[in-house]
Amino acid sequence: MATDMMISAAVIPVSELLSHIVLSLFDTAQLAKKVVFQKENFITFSTHLEKTATILKEISKQNLDHSESLKSALVILNRELKAAKQLIEDCRERHKLYLLLNCRKIVKCLDDSTKEISRALSLISLASLDVSLSINDRLSELCKSMLEAEYQAAVLEEEILGKIELGIQERNGNRSYANNLLFQIAEALGLSTEKSALKKEYEKFKREIENANVRKEQEESLQMEQIITLLENADATTSSEEKEKKYLERRNSLGNQHLLPLKGFYCSITHEVMVDPVETSSGQTFERSAIEKWLAEGNNFCPLTKVPLDAAALRPNKTLRQSIEEWRDRNNIITIVNIKPQLQSTQEEEVLEALSMLHKLCMDKELHRDWATLEDCISVLIGLLSAKNREIRREVLVILSILAKDSEDKREKITRVDGALQFIVRSLARQSEESKVALHLLLELSTSNVALDLIGNAQGCILLLVTMLSSEDNQVATEALQLLEILSLQNSNVKQMAKANYFKPLLQLLSSGPDDVRMRMAETLAEIELTDHSKLVIVKDGGLQPLIEMLAQGDLEAKKVAIKSLLQLSSLPQNGLQMIKEGAVGPLFEVLYSHGLQLPALREQAAATIKFLSISTARQESEGEQVSLLESEDDIFKFFSLISFTGPEIKGSILKTFHTLCQIPSGLDIRMKLRQLSAVQVLVPLCEAEHHSVRANAVKLFFCLTKDADDHSTFLEHVNQRCIETLLRIIETSSDVEEIGAAMGIIAYLPRNLEMNQWLLEAEALRIIYTCLNNVNRDASYKSQVIGNVVRALCRFTVSTNQEWQHRVAEAGLIQVLVRLLASENSITKQNAAIALKQLSESSKNLSKPIKKRGAFLCCFSSPEIGCPAHMGSCGIQSSFCILEANAVDPLVRMLGEPDLETSEAALDALLTLIDSQKPQNGSKFLHNANAITAIIKLLSYDSVRLQLKCLKGLEMIFQLDELKRTYGASVQMPLVDIAQKKASDTKEIKSLAAKLLSQLGVLGVQSSFF
């Protein structure tokens, strides 16, 4: 571990200083990778540090102690690393909200540090160090890369900071503004949006700000206080008791009389109290809209002083605006206090006047709605629902709807008033306007769990809602169905819902009603958010065919509502299959291919529906059904060709459709046709698309076409160095596990030619592979979808035909990682790890260094060096890739007993590399001591000709030792006899080899008929 102390360049030699810096660079890079906040930025920063450390490590091999330029660079690097470590520590220790509020500072620190490190490296005089041209080029490229590096706060973080700045600037005390802001912050930081959890996090943030004594920095202190003031308006940060106490203290200090506005509150142009006062260059203040209109009409002088005005010099008068707002708030509180007794008047006109005033105040400002609630106006309003005057009832329902929409707290207050819901339900049965407002109020209240049961159990409520489904007012029908859907989620309402059979009238009208009624019913289905159960019921009861007919034969408006309904219904695989059976595919493709439709959203919905239908065909494969989505090669070509001529949403849906179809067992034909169409040529550039759905689905489809391809010529033609770098960048930066696995899968299955491997090495593929394999904190999904492909990709570089690549694998520490993976729960991972180790082990015999013989004199004073028991030389993990030194033998022997034959075979191949066919004695003895031979004999009973053949060839070498023949002869005899007696035509070679082994053991004569 590198030290954090400031190293004195004057005292410590340059070589030692450089060693400290290299260690510190690697150390800081690892710490940076663990930072969760601004993860992508810190990963980029970490990559630059690692590249810097790698180059400096190579430079450290030179004679450095007289290089003043290097010393100067190291001093700067040391300073920057200390600052970077402090930043990393802050980002790991400070509260998430504090980090979010300072994200711009963090990004700037990373940017400044990267530029400063680049400057330090550019100071190094490489000519005086006698380093290679390659190092010189790499250092220049790294400096350029760091200077061009861009660190940015996330779009969501910038959006949140913008809202905070706007809220502070406008002194926004709006509760919903603060609520939305707080929820957005919670989602951005991965915090729970539950009220108590938000309160807890907010209090922790406040304490941290106080404990950190940020007031040492006056500007930051003021900013934090302003943010706390803004967030205090949210429901989660201040309890209802605290709000009520604060309100009552304010109300009781006001008196009972309204105050007249001050003369300075009036605008000289409008003669009304100002809302947004602005000061002109003449020193006069006017209402903004009034003075802007005055200037727009061509007047360029002050209306009062006649002094020339500069239209660009209007300045908000914030102090005056605040005074006017305080005056208005004071009078409005008194107004609301006085409204309550007026609502209880016996005079209908006085009640209607009070309701009108309260309605206006509630519409005007959220704070007024809070004050009306705190004055307990809700219970008085509910009492008025029993009034005989329908205008009073309707106005009350409107005000209650405004309050219910405002907050969960107000919805609960309305619901808990005795008889409230029964009064509202009664209004459902009254005249249309009152009924409509009552329905809307019930829909608002239904978002409260407290209200749901009470609404469903209110007498006659569900039957009234079912009746409203056939309303001529489409909004009423839609809201009625929406409320019924919400009620159907409550267990206590299920029996009543079933009894009412609430979809039946809607589907009957959809099937056989007049055109305008059918259209309304389709619109209702399109707008409502249906439960899965309801989607099944609609399709089962015949709802598909009318919608398909509207899509195929209707006008543009009919197509819009039909396709929106079909899209919603198709999200269930069972429904998707039924849609294909009932003929929805043709009309959907007709919409998708229609260039005359000037509605991109319509085509996007058609593509999305087809995507869901493809998912349903994957389900049918497991159920034995056979329903095709794309019937012919022309269908495939025509559909795929749309990718080049459509927007990102349609592109993403088409790619997802093909990816789904290619994955099912019957998708082999589609994969072959796509390869024939040179689909890879289209997919490669899409792997760089900014739109995530397009990019991710292009990568996944590309992988499907790569992994079982017989002819790789298409890939060689279109996959270039840029494509390789793009795939590796996706692996490093994407958060989509399936996309990461697919990108690595492409690398794993691409042709293993020299040029492609060189591109991968230049793009630091081994470093990325190492990072992926050591990412132990990832979930099971990552391990199952990514690791297997990562190990297979690593096999590209372990082939024994290129020892330079093998050495790079060993130097990267990947052999030890491969050994660890032999214990993986995933058979594919274990299999590929064994294959990689086998390829490495094939080089061990030639790389193992002979042990030098010692003279007689030296032998008397020291024990002789013991060589590798298999290779009989001096072995090492990095020097000869010896699997004995890497402790791989025991896990490989255990793998021989795996039920998966290919895994057992891979382990066998790796173990047999320990036997030299020319001198099998040492390797055979070692396998005997490792208990491997018994496991190999057991493999003879497996029903795999290829595996049996490999076992027999291995035993043929092993049994060249008489002692091993004696040890295992009895146990191997019967399996050999069974193999030798097989009559299958494809076992001629294996029968002959088994008989030969029996002869080798002395069981058969050389001229036996078994031969």
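Small disclaimer: the values here were computed from a predicted structure and weren't measured.
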Task: I835/V791 under side chain to side chain contact (heavy atoms under 4.5 Å, CB included): CA gap, chis, key distance, verdict - done: CA-CA 9 Å; I835 291 170; V791 183; over 6 Å; no
- [ ] For F658 and I670, run side chain to side chain contact (heavy atoms under 4.5 Å, CB included): C-alpha distance rounded to whole Å, both residues' side-chain angles, the deciding distance at 0.1 Å, then the answer.
- [x] CA-CA 8 Å; F658 276 109; I670 292 178; 4.1 Å; yes
Open item on the list: One pair to check against side chain to side chain contact (heavy atoms under 4.5 Å, CB included): V977 and L998. What are the steps and the verdict?
Closed with: CA-CA 8 Å; V977 170; L998 287 169; 4.0 Å; yes
- [ ] Show your working on side chain to side chain donor-acceptor pair (under 3.5 Å) between E762 and Q721 and close with a plain yes or no.
- [x] CA-CA 9 Å; E762 289 173 8; Q721 187 169 8; 3.0 Å; yes
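Two residues are said to be in side-chain contact when any heavy atoms from C-beta on lie closer than 4.5 Å; S971 and T934 fail this criterion. In this structure, H659 and F703 have side chains that are not in contact, with every pair of non-hydrogen atoms separated by 4.5 Å or more. With a 4.5 Å cut-off on side-chain heavy atoms, T733 and I43 do not count as touching. Counting heavy atoms from C-beta outward, I787 and S824 have side chains that stay 4.5 Å or more apart. Between W805 and Q758 there is a side-chain heavy-atom pair separated by less than 4.5 Å. By the 4.5 Å heavy-atom criterion applied to side chains, L754 and W759 are not counted as neighbours. Side-chain atoms of R729 and T726, non-hydrogen and from C-beta on, do get closer than 4.5 Å to each other. Residues D890 and N931 fail the side-chain proximity criterion, which asks for heavy atoms closer than 4.5 Å.
With sequence neighbours left out, the side-chain hydrogen bond (donor to acceptor under 3.5 Å, both in side chains) criterion links S844 to no other residue. Annotation: salt bridge (Lys or Arg N to Asp or Glu O under 4.0 Å) contacts of D943 (sequence neighbours excluded): none. With sequence neighbours excluded, the residues that form a side chain to side chain contact (heavy atoms under 4.5 Å, CB included) with Y770 are N774, L814, V817. K700 pairs by the salt bridge (Lys or Arg N to Asp or Glu O under 4.0 Å) definition with D736, E738, not counting sequence neighbours. Partners of E141 by side-chain hydrogen bond (donor to acceptor under 3.5 Å, both in side chains), not counting sequence neighbours: none found. For E902, there are no salt bridge (Lys or Arg N to Asp or Glu O under 4.0 Å) partners, not counting sequence neighbours. Taking K953 as the reference, L949, E989, L993 meet the side chain to side chain contact (heavy atoms under 4.5 Å, CB included) condition, with sequence neighbours excluded. The salt bridge (Lys or Arg N to Asp or Glu O under 4.0 Å) search around E842 returns K838, not counting sequence neighbours. With sequence neighbours left out, N922 forms a side-chain hydrogen bond (donor to acceptor under 3.5 Å, both in side chains) with no residue at all.
Remark: side-chain polar atoms of R671 are paired, donor with acceptor, to backbone N or O of C662 under 3.5 angstrom. Using modelled atom types, one side-chain atom of R675 and one backbone atom of L705 make a donor-acceptor pair closer than 3.5 Å. Side-chain atoms of S734 never come within 3.5 Å of backbone atoms of I731 as a donor-acceptor pair (strictly under, hydrogens ignored). Side-chain N or O atoms of S999 include none that pairs as donor or acceptor with a backbone N or O of A995 at under 3.5 Å. Although no hydrogens or angles enter the test, the distance criterion places no donor-acceptor pair under 3.5 Å between the side chain of R767 and the main chain of K51. Judged by distance alone, with hydrogens and angles left aside, the side-chain atoms of Q948 form a donor-acceptor pair with the main-chain N or O of L940 at under 3.5 Å. S46 contributes a side-chain N or O that, together with a main-chain N or O of A29, makes up a donor-acceptor pair within less than 3.5 Å. With hydrogens and angles ignored, the 3.5 Å screen pairs no side-chain donor or acceptor of S848 with any backbone N or O of K845. In terms of modelled atom types and a separation under 3.5 Å, the side chain of S944 and the main chain of L947 share a donor-acceptor contact.
With salt bridges taken as basic N to acidic carboxylate O contacts below 4.0 Å, one links D669 and K673. Using a cut-off of 4.0 Å between Lys/Arg side-chain N and Asp/Glu carboxylate O, K33 and E50 are scored as salt-bridged.
Around the NZ atom of K965, the shell of radius 6.0 Å holds more than 12 heavy atoms that belong to other residues, nucleotides or ligands. The 12-atom threshold is exceeded at CZ of R752, counting heavy atoms of other residues, nucleotides or ligands nearer than 6.0 Å. Heavy atoms from other residues, nucleotides or ligands lying under 6.0 Å from NZ of K950 number more than 12.
Every pair passing ring pair (Phe, Tyr, Trp, His ring centres under 6.0 Å) that includes a residue from residues 873-897 is listed here, sequence neighbours excluded: H807-F881. Residue pairs that meet the ring pair (Phe, Tyr, Trp, His ring centres under 6.0 Å) test with at least one member in residues 899-932, sequence neighbours left out, are H928-Y968. Applying the ring pair (Phe, Tyr, Trp, His ring centres under 6.0 Å) definition to pairs two or more places apart or across chains, none involves residues 809-846.
Between the CD1 atom of I815 and the CD atom of E885 there is a distance of 11.0 Å, given to the nearest 0.5 Å. Once rounded to the nearest 0.5 Å, the distance linking CG of L683 with CD1 of I746 reads 8.5 Å. For the atom pair L997 CG and Q973 CD, the distance stands at 12.0 Å (nearest 0.5 Å). The CD atom of Q1000 sits 10.0 Å away from atom CG of L976, with the distance rounded to the nearest 0.5 Å. Remark: L837 CG to D909 CG distance equals 12.0 Å, nearest 0.5 Å.
Scanning both residues, Q806 and S843, for their nearest heavy atoms gives OE1-OG, 2.7 Å. Summarising the geometry of L773 relative to L821, their closest heavy-atom pair is CD2-CD1, 3.8 Å, with the distance given to 0.1 Å. In terms of heavy-atom proximity, G741 sits nearest to N789 at O-ND2, 2.9 Å. The shortest non-hydrogen separation linking L1001 to G969 is CD2-CA, 4.1 Å. The two residues S904 and L939 make their nearest non-hydrogen contact at CB-CD2, 4.1 Å. The two residues V719 and C723 come nearest to each other via the heavy atoms CG1-SG, 3.8 Å.
When only modelled atom types and interatomic distance are considered, S800 and Q839 share no side-chain donor-acceptor pair under 3.5 Å. Residues Q960 and Q921 bring no donor and acceptor atom of their side chains to less than 3.5 Å of each other.
Each of L23, I21, T28 was scored for a side-chain contact (heavy atoms from CB on, under 4.5 Å) with L25, with one residue passing: I21. Each of I769, N757, V809 was evaluated against R796; a single residue qualifies, N757, per the side-chain contact (heavy atoms from CB on, under 4.5 Å) test.
Annotation: cation-pi pair R808/F797 absent, no NZ/CZ under 6.0 Å from the ring centroid and within 45° of its normal.
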